[in-house]
Asks: 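My questions all concern the structure below.
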Amino acid sequence: MPNAFSFAHSPFDCLDPDEQRLVRASVDIGYYPRGQALLEPGDTPTHLFVIAKGHVQQIDQGDVVATYGPEDCFDGRSLVAGRASSRFVAAEEVIAYELARAAVLELIARNATFGALLFADLGHKLSVLSERERPRDLPSLSLSRVGEAFLRPALSVPADLDVLSAVRRMHAEHTASVLVEDRASQPPRRGIFTRTLLERAILDGRPLAAMPVGEWARFPVIEVRAADAVGDAMALMLRHRVHRLVVVQDGRTLGMLESLDLLSHVSNPSHLVALQIGKAMHIDALAEAAAQIDRVIAVLFRSGTRVGLVAHLVQQLNARLFERAWQLIAPPELVDNSCLFVMGSEGRGEQLLKTDQDNALVLRDGYAPPADLAAVCARFSEALGRFGYPPCPGGIMVCNVPWRRSAQDWARQVQDWVWRADGESLMHLAIFLDAHAVAGDAELLAQVQRTLAALATDHQGMLGRFAAAADAFGPAAGPGWWSRLLSPGESHAPWNIKKEALFPLVHGVRSLALAHHVVATSTTGRIAALVAEGALSPVQGEDLAEALQVLMALRLKAGLAELDQQRPVSGTIDRAQLNSLDRDLLKDALAVVQRFRQALRTRFRLEAL
């Protein structure tokens, strides 16, 4: 039976062959009927338990604080400490591997990754995993295709066109090169004229208007197919010592691939999408760019980029996308006299895969908006729908009158939300606290935010009602509310990670930020400010920031899997689809959330509400 021990799951998947042999030589099998204790508080552990069948519950002070199932191991910390602090009880018939303590200690001494995954804190685990997984799934030059890279428009001119006219075309189209069609030659040929060749033509001394561009073009152009590997395109550039390739497909010219864009595609695809957004001259082009954002997210995340950085890049891309759409749809005078802003996870910079729209508009005091303002805002909301952002079920969008106001009206509105402090008002206040400007005059939004910051938000009753929303989802009674996620009979039920884990953390931090007049809008920024003010201890701050990363990463991983299967993103996770490492990280993150919720109850006296 020890020979059947699986090394496919964390933390044993990091062991080398010699370390695996040590495990096989030191492992035994234990059987425990339902209700039997495997460890009691105060026991001196002699084995590390690895569950083969059944579930074990960890109980502290009478409450179930964790549940372990097949492939999970426990209790590494008490094994190293030499004393158990919790009770571990078989919730059903359990068969478990028992790895001798001496072998575990030797593995910890020999393999730092094993030790970190076994009993380190959440932050240390994530640090180790980041280094361990960084080389995995890097974008491959052999798998990535030319058609996936950013292609610049291919502008063509006849060979007999004069150089000055050709340069004027290049300037008008914002391009550094044009294709030159020489149809007089037999057979017809195609070349390229670039800014570098323009320098040579200028140095010739003749008037540019008197020289045909075909005289200075380089023939022939080097072509590559859209289906060719990026690595092949790179090799072509090196072989022919060129910086541009013409991309073709089925006899059609799709565009130009430049060396800078090729390298950017390999290193950071977000740069290419940002470039595509900036050059878009109509909504259709923006829609094409928006369609690439999910692919960028998948490439970055699966290449080992930390989820917080992915979210930051996505926030920047979305901000550029929304700004460019607003500029294309709204008249310039409206853009100059307003501030378009986003809220919710988009405003906090924690949005990843596309979700509902949450946006609004501040108009400059005294400015008379155009008569068709409603139609302009409706077109903007429709454009976001085309980009993949569905309408907000609560109607929090610029196309709805309550979400476009003058700066003075917004100031009065946020005051009303604070003073009313009813359920709907506090929900709107929470959303507005995350506001982030994306287009127009950002100072208009800043004026309203300063009004909010100056309000008397020290009233404990209002703050308590605001913070109470952190307990809005999931059973609030008992610290084991989240343990059902990993309990027998619950493993296949989809679980809304946003409502029951991310929201309590995010809103709890937002509540503390409101109470301490913190102006940061991101959760990590708020955590840092609260630690600096002493409202959170450094350990609490680090735990919350790392738990946020884990929960966002698990949510993103589940969402990408749904997209791969061409299913809508549900925002839920399935315990049956989690590997042992993900379950381990999730348990640690949920424990952080639970401790934080308890701290919030004490800080805001929620039990008295």
Asks: Compare every heavy atom of Leu600 with every heavy atom of Gly508, then report the nearest pair and how far apart it is.
Replies: CA-CD1, 3.4 Å
Asks: With sequence neighbours left out, write down each residue that passes side chain to side chain donor-acceptor pair (under 3.5 Å) with Arg510, or none if nothing qualifies.
Replies: Asp434, His507
Asks: Can you sort out the partners of His312 under side chain to side chain contact (heavy atoms under 4.5 Å, CB included), two or more places apart, ordered by chain and number?
Replies: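 His312 satisfies side chain to side chain contact (heavy atoms under 4.5 Å, CB included) with Gln315, Gln316 once adjacent residues are dropped.
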Asks: Between Thr451 and Gln447, do the side chains contain a donor N or O and an acceptor N or O under 3.5 Å apart?
Replies: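 On atom types as modelled, these side chains do not qualify, holding no pair under 3.5 Å.
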Asks: Between Arg244 and Leu257 (side chain of the first, backbone of the second, donor and acceptor by atom type, cut-off under 3.5 Å), is there such a pair?
Replies: no
Asks: What residues form a ring pair (Phe, Tyr, Trp, His ring centres under 6.0 Å) with Phe193, not counting sequence neighbours?
Replies: none
Asks: Applying side chain to side chain donor-acceptor pair (under 3.5 Å), can you list everything that pairs with Glu223, at least two apart in sequence or on another chain?
Replies: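 Glu223 satisfies side chain to side chain donor-acceptor pair (under 3.5 Å) with Arg190 once adjacent residues are dropped.
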Asks: With a cut-off of 6.0 Å (strictly less than), are more than 12 heavy atoms of other residues, nucleotides or ligands near CZ of Arg603?
Replies: yes
Asks: Identify the heavy atoms of Ala154 and Thr253 that sit nearest to each other, and give their distance.
Replies: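 Answer, listing the atom of Ala154 first, then Thr253: CB-CG2, 3.8 Å.
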Asks: Begin with the C-alpha distance, continue with both residues' side-chain angles, and end with the deciding distance and a verdict on side chain to side chain contact (heavy atoms under 4.5 Å, CB included) for Arg152 and Glu258.
Replies: CA-CA 8 Å; Arg152 297 175 185 268; Glu258 297 194 0; 3.3 Å; yes
Asks: Within a strict 4.5 Å, meaning less than it, do heavy atoms of the Leu334 and Pro331 side chains meet?
Replies: yes
Asks: Return the CG to CZ distance between Leu463 and Phe604, rounded to the nearest 0.5 Å.
Replies: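 If we round to the nearest 0.5 Å, Leu463:CG and Phe604:CZ are 6.0 Å apart.
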Asks: Apply side chain to side chain contact (heavy atoms under 4.5 Å, CB included) to residues Ser381 and Val398 and explain how you reach the verdict.
Replies: CA-CA 7 Å; Ser381 297; Val398 292; 3.9 Å; yes
Asks: Does a side-chain heavy-atom distance below 4.5 Å link Val518 with Leu530?
Replies: yes
Asks: Judged by modelled atom types alone, do Glu350 and Ser522 share a side-chain donor-acceptor pair under 3.5 Å?
Replies: no
Asks: Within the supplied structure, the quantity of interest is the number of heavy atoms (other residues, nucleotides, ligands) at a distance under 6.0 Å from Gln565 CD; does it exceed 12?
Replies: yes
Asks: Can you sort out the partners of Arg183 under salt bridge (charged side-chain N to carboxylate O under 4.0 Å, His left out), two or more places apart, ordered by chain and number?
Replies: none
Asks: Are the side chain of Gln449 and the backbone N or O of Ala435 linked by a donor-acceptor pair below 3.5 Å?
Replies: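 Here the side-chain-to-backbone pair exists.
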Asks: Quick one, Met343 and Arg348 - any side-chain contact, counting heavy atoms below 4.5 Å?
Replies: no
Asks: Hey, could you give me the CG/CG distance between Leu536 and Leu512, rounded to the nearest 0.5 Å?
Replies: 5.5 Å
Asks: Under 6.0 Å from the six-membered ring centre of Tyr389 and within 45° of its axis: does the NZ or CZ of Lys354 meet both?
Replies: yes
Asks: With sequence neighbours left out, what residues match His436 under ring pair (Phe, Tyr, Trp, His ring centres under 6.0 Å)?
Replies: none
Asks: Cys377 and Trp326: which non-hydrogen atoms are nearest, and at how many Å?
Replies: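 Answer, listing the atom of Cys377 first, then Trp326: SG-CH2, 4.3 Å.
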Asks: How would you list, by chain and number, every residue that makes a side chain to side chain donor-acceptor pair (under 3.5 Å) with Ser177, sequence neighbours excluded?
Replies: none
Asks: Could you measure the distance from the CD atom of Glu533 to the NE2 atom of His517? Nearest 0.5 Å is fine.
Replies: 9.0 Å
Asks: Please round to the nearest 0.5 Å and tell me the distance separating atom CD of Gln327 and atom CG of Leu286.
Replies: 9.5 Å
Asks: Quick one: which residue pairs count as a salt bridge (charged side-chain N to carboxylate O under 4.0 Å, His left out) with a foot in residues 364-375, not counting sequence neighbours?
Replies: Arg364-Asp441
Asks: If every non-hydrogen atom of Ser156 is compared with every non-hydrogen atom of Glu181, which pair is closest and at what distance?
Replies: OG-OE2, 3.6 Å
Asks: Only counting residues at least two apart or in another chain, list the ones meeting salt bridge (charged side-chain N to carboxylate O under 4.0 Å, His left out) with Glu215.
Replies: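 Result, salt bridge (charged side-chain N to carboxylate O under 4.0 Å, His left out) vs Glu215: Arg206.
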Asks: To check you understand the geometry: which heavy-atom pair defines the closest contact between Val163 and Val213, and what is its length?
Replies: CG2-CA, 3.8 Å
Asks: Just wondering, more than 12 heavy atoms not from Arg379 lying within 6.0 Å of its CZ?
Replies: yes
Asks: Give, for atom CG of Leu373 and atom CG of Leu363, the distance between the pair rounded to the nearest 0.5 Å.
Replies: 6.0 Å
Asks: Report yes if some heavy atom in the side chain of Phe322 is under 4.5 Å from a heavy atom in the side chain of Asn359; otherwise report no.
Replies: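 A side-chain contact is absent here, since even the closest heavy-atom pair is not under 4.5 Å.
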Asks: Evaluate the side-chain proximity of Arg555 to Ile573: yes if any heavy-atom separation is below 4.5 Å, no if none is.
Replies: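 No, every pair of side-chain atoms sits at 4.5 Å or beyond.
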Asks: So Leu328 and Ile283, side chain to side chain contact (heavy atoms under 4.5 Å, CB included) or not? Walk me through it.
Replies: CA-CA 7 Å; Leu328 291 174; Ile283 295 300; 4.3 Å; yes
Asks: Under the ring pair (Phe, Tyr, Trp, His ring centres under 6.0 Å) definition, can you give me all pairs with a residue in residues 329-351, not counting sequence neighbours?
Replies: Phe341-Trp410, Phe341-Phe432
Asks: Please, which pairs that meet salt bridge (charged side-chain N to carboxylate O under 4.0 Å, His left out) have at least one residue in residues 380-406, sequence neighbours excluded?
Replies: Asp284-Arg386
Asks: Answer yes or no: is there a side-chain heavy-atom contact under 4.5 Å between Thr524 and Leu548?
Replies: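 Yes, side chains in contact.
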Asks: Counting C-beta onward and ignoring hydrogens, is there a side-chain heavy-atom pair between Leu179 and Met256 closer than 4.5 Å?
Replies: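 Leu179 reaches Met256 side chain to side chain.
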Asks: Taking atom CD1 of Ile396 and atom CH2 of Trp403, what is their separation to the nearest 0.5 Å?
Replies: 4.5 Å
Asks: Show me the pairs that pass salt bridge (charged side-chain N to carboxylate O under 4.0 Å, His left out) and involve residues 406-419, at least two apart or across chains.
Replies: Asp409-Arg412, Asp416-Arg420
Asks: Checking Asp228 side chain against Val224 main chain: does a donor-acceptor pair fall under 3.5 Å?
Replies: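 Answer holds: no.
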Asks: Looking only at non-hydrogen atoms, find the nearest pair between Gly385 and Gln357 and report the distance.
Replies: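 Reported closest heavy-atom pair: N-NE2, 3.7 Å.
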Asks: Before you tell me yes or no, could you show the steps for Leu321 and Arg324 under side chain to side chain contact (heavy atoms under 4.5 Å, CB included), namely the whole-Å CA-CA distance, both residues' side-chain angles and the distance that decides it to 0.1 Å?
Replies: CA-CA 5 Å; Leu321 182 70; Arg324 189 63 184 140; over 6 Å; no
Asks: With a 3.5 Å cut-off and no angle check, do the side chains of Asn318 and Gln351 form a donor-acceptor pair?
Replies: no
Asks: With a 4.5 Å limit on heavy-atom distance, are the side chains of Glu346 and Asp358 in contact?
Replies: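 No, their side chains stay 4.5 Å or more apart.
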Asks: Of Val569, Leu352, Leu551, which is the lone residue that meets side chain to side chain contact (heavy atoms under 4.5 Å, CB included) with Leu556?
Replies: Leu352
Asks: Any chance the side chains of Glu562 and Ser570 put a donor and an acceptor closer than 3.5 Å?
Replies: yes
